[in-house]
Amino acid sequence: MRLDTFSHVDFQAELDGVADDICPHLTKGKVATYIPALASQRADAFAIALTTLRGETFAAGEGDTPFSIQSVSKVFSLVLALEMGGEDLWARVGREPSGSPFNSVVQLEKEEGRPRNPFINAGAIVVADTIISHCGASQGIDRLTDFIHTCAASKSIAVNAEVAASEAAYGDRNRALAYFMKSFGIVQNDVPEVLDTYFRQCALEMSVKQLARAGLFLAGGGQDPCAGRRITSHERVDRVNSIMMLCGHYDRSGEFAFRVGLAGKSGVGGGILAVIPDVGTVAVWSPGLNEAGNSLAGTLALEMLSDRVGLNLF
C-alpha cells in the first residue's frame, strides 16, 4: 500500500462523510468515570484527522480541541524507552496480547510480575521505569514531552495538571501493580517516582491534528517525512506497529484488527491513533467508551473510513 494508490481519494470528503454518519452513535458509549477529571467530557464530542506522508492534514469535527490522550501516550513512551535502552526492555516486558482488562492484577500474578505487553498498564509502568533509569525521575516526563513535541512539530502539547492529580488520587490499582512488580525486581526505581511519570504521561493533552502528525513517523518507516528527521529505525517501527496491531486495544485488539485492519492504540480519554503504513496516520477522538475501554464511536468511525477508502491491510 502506497500513498499514490489513493491519489483519486478525496480524503476531506471522506472524513466529512464519516463525521456526519457517526453522529447517531456518539452517545452510545460511556465516558470514563474512574478518573474523575475525565468524567466531565462531553459524550457527543467527535473529531477525526488524517495526515499523509506528504504532510497534508484533513480533519472533521473538533479537530483542534485538546483531549487527554491517556494510553495512546504508551506508543511514544515505548519508542523513547527503546531508543534509550534498546532491546533489553523485552527481558522485563512481553509482546503477547493480554486477553484481559488493561489493569488486570490476576494475570500479572500468574506471570510472576512480568507484564504481558507494554500497552497494558503494568507494561507501561515498566516502560516509564526504563525511561527514568536513563534520565532520572525528575526528567522523565520532560524527556517524553520533548520527544512528542519533536514528533508532532508542536510545543503546545502539555500535561493537564488536573487530570494528572486525578490519576494520582485514584490510582491505587496502578500502585498495586507497580509494587507487585517491584517485589519481583521488574520495576527497578522508586515506585512513587515511576508512577508520577506514568500518571503525568497519561495526562498529556493533544488535538487529533497534533496526534496524527505526531504518529506520522510510524507510517514512514521511522522517518518524519515533513521535517526530514529520522525518529527511530525502520525495524523498530515495524516492531512497534506489530505490537499495536496485536495489543493496542486491550482485550478487543483482535476485534479492532478484524474490523479496521490497521495497527492502532486507544486511550480511555476517547482517543485512537491508527497507522496506515507508507500512507499516513489517522487520529480520532470520541469520549464514549465500550466495555473494554476503547472509544465506541471512534472505533466505528475508523471502520467506516477503512471500508470506504480501502485501508484494511488484509
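Contact of the Val31 side chain with the Leu289 side chain is not registered, since no non-hydrogen atoms from C-beta on lie closer than 4.5 Å. You'll find the side chain of His249 reaches within 4.5 Å of the side chain of Ile272, heavy atoms only. For the pair Thr65 and Ser207, the minimum side-chain heavy-atom distance is 4.5 Å or more. Side-chain contact between Leu262 and Val275 is absent, with no heavy atoms from C-beta onward closer than 4.5 Å. In this structure, the side chains of Val260 and Asn312 stay at 4.5 Å or more apart for every pair of heavy atoms. Using a 4.5 Å heavy-atom cutoff, the side chains of Thr130 and His134 are in contact.
Residues satisfying the ring-ring contact (aromatic ring centres under 6.0 Å, His included) criterion with Phe217, sequence neighbours excluded, are absent altogether. Under the salt bridge (charged side-chain N to carboxylate O under 4.0 Å, His left out) criterion, Glu205 pairs with no residue at all, not counting sequence neighbours. For Phe11, the ring-ring contact (aromatic ring centres under 6.0 Å, His included) partners two or more places apart in sequence, or in a different chain, are Phe58. Applying the salt bridge (charged side-chain N to carboxylate O under 4.0 Å, His left out) rule to Asp88 yields no partners; only residues at least two apart in sequence or on another chain are considered.
The main-chain N or O of Leu50 is never found under 3.5 Å from a side-chain atom of Thr281 such that the two would form a donor-acceptor pair. Ser306 places no side-chain N or O within 3.5 Å of a backbone atom of Leu302 that could act as its donor or acceptor partner. Although no hydrogens or angles enter the test, the distance criterion places a donor-acceptor pair under 3.5 Å between the side chain of Asn189 and the main chain of Asp129. Not one N or O on the side chain of Gln70 forms a donor-acceptor pair closer than 3.5 Å with the backbone of Val268. Between the side chain of Asn290 and the main chain of Asn294, a donor-acceptor pair closer than 3.5 Å is present. In this structure, Thr150 contributes its side chain and Asp146 its backbone to a donor-acceptor pair below 3.5 Å. In this structure, Ser295 contributes its side chain and Ser286 its backbone to a donor-acceptor pair below 3.5 Å. His149 places a side-chain N or O within 3.5 Å of a backbone atom of Ile157 that can act as its donor or acceptor partner. Between the side chain of Asn117 and the backbone N or O of Ile120, at least one donor-acceptor pair lies under 3.5 Å. A donor-acceptor pair under 3.5 Å is absent between the side-chain atoms of Gln223 and the main chain of Gly220, judged by distance alone.
Scanning both residues, Gln201 and Ser73, for their nearest heavy atoms gives NE2-OG, 3.1 Å. Closest approach of Ala43 to Pro287, counting heavy atoms only: O-CD, 4.5 Å. Shown here for Ala49 and Ala212, the closest heavy-atom pair between the two residues is O-CB, 4.0 Å. Closest heavy-atom contact between Met181 and Ala122: CE-O, 3.3 Å. Residue Ala91 comes nearest to Arg114 through the heavy atom pair O-NE, 3.3 Å, listed as atom of the first residue, atom of the second, then distance.
Salt bridge present: Asp172 and Arg175 bring a charged side-chain N and a carboxylate O closer than 4.0 Å. Look at Arg236 and Glu83 and you find a salt bridge, because one of the NZ, NE, NH1 or NH2 atoms lies within 4.0 Å of a carboxylate O, short of that distance. Between Asp224 and Arg230 there is no salt bridge, since none of the side-chain N atoms of the basic residue sits less than 4.0 Å from a carboxylate O of the acidic one. Comment: Glu167 does not engage Arg200 in a salt bridge, judged by the lack of any side-chain N to carboxylate O separation of less than 4.0 angstrom. Between Asp44 and Arg42, at least one side-chain nitrogen of the basic residue sits less than 4.0 Å from a carboxylate oxygen of the acidic one, meeting the salt-bridge criterion.
If you take CG on Leu38 and CD on Glu162, they are separated by 9.5 Å, rounding to the nearest 0.5 Å.
Checking Gln210 against Ser156 by side-chain atom types alone, a donor-acceptor pair falls below 3.5 Å. One side chain, Thr51 or Thr57, offers a donor N or O that lies under 3.5 Å from an acceptor on the other. For the residue pair Ser77/Tyr198, the side-chain donor-acceptor check at 3.5 Å is not satisfied.
One hydrophobic cluster, built from ILVMFWY side chains closer than 4.5 Å, cannot hold both Tyr250 and Leu296; they sit in different ones. Clustering ILVMFWY residues whenever any of their side-chain heavy atoms sit less than 4.5 angstrom apart, transitively, puts Leu204 in the very cluster that holds Leu195.
Within a 6.0 Å radius of CZ in Arg143, no more than 12 heavy atoms belonging to other residues, nucleotides or ligands are found. Summarising the local packing, CD of Glu112 is surrounded by 12 or fewer heavy atoms from other residues, nucleotides or ligands at distances under 6.0 Å. Within 6.0 Å of CZ on Phe184 lie more than 12 heavy atoms contributed by other residues, nucleotides or ligands.
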Validation: residues 237-246 side-chain donor-acceptor distances under 3.5 Å, sequence neighbours left out:
unit_1	atom_1	unit_2	atom_2	d
Asp238	OD2	His234	ND1	3.3
Asn241	ND2	Leu218	O	3.0
Ser242	OG	Arg239	O	2.6

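Relative to the six-membered ring of Phe180, Lys110 misses at least one condition, a distance below 6.0 Å or an angle of at most 45° to the axis.
Within the structure, the salt bridge (Lys or Arg N to Asp or Glu O under 4.0 Å) test picks out the following pairs touching residues 298-314 (sequence neighbours left out): Asp21-Arg308, Arg259-Glu303.
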Chi angles and distances behind the side chain to side chain donor-acceptor pair (under 3.5 Å) call for Thr299, Arg252: CA-CA 11 Å; Thr299 301; Arg252 294 288 178 88; over 6 Å; no
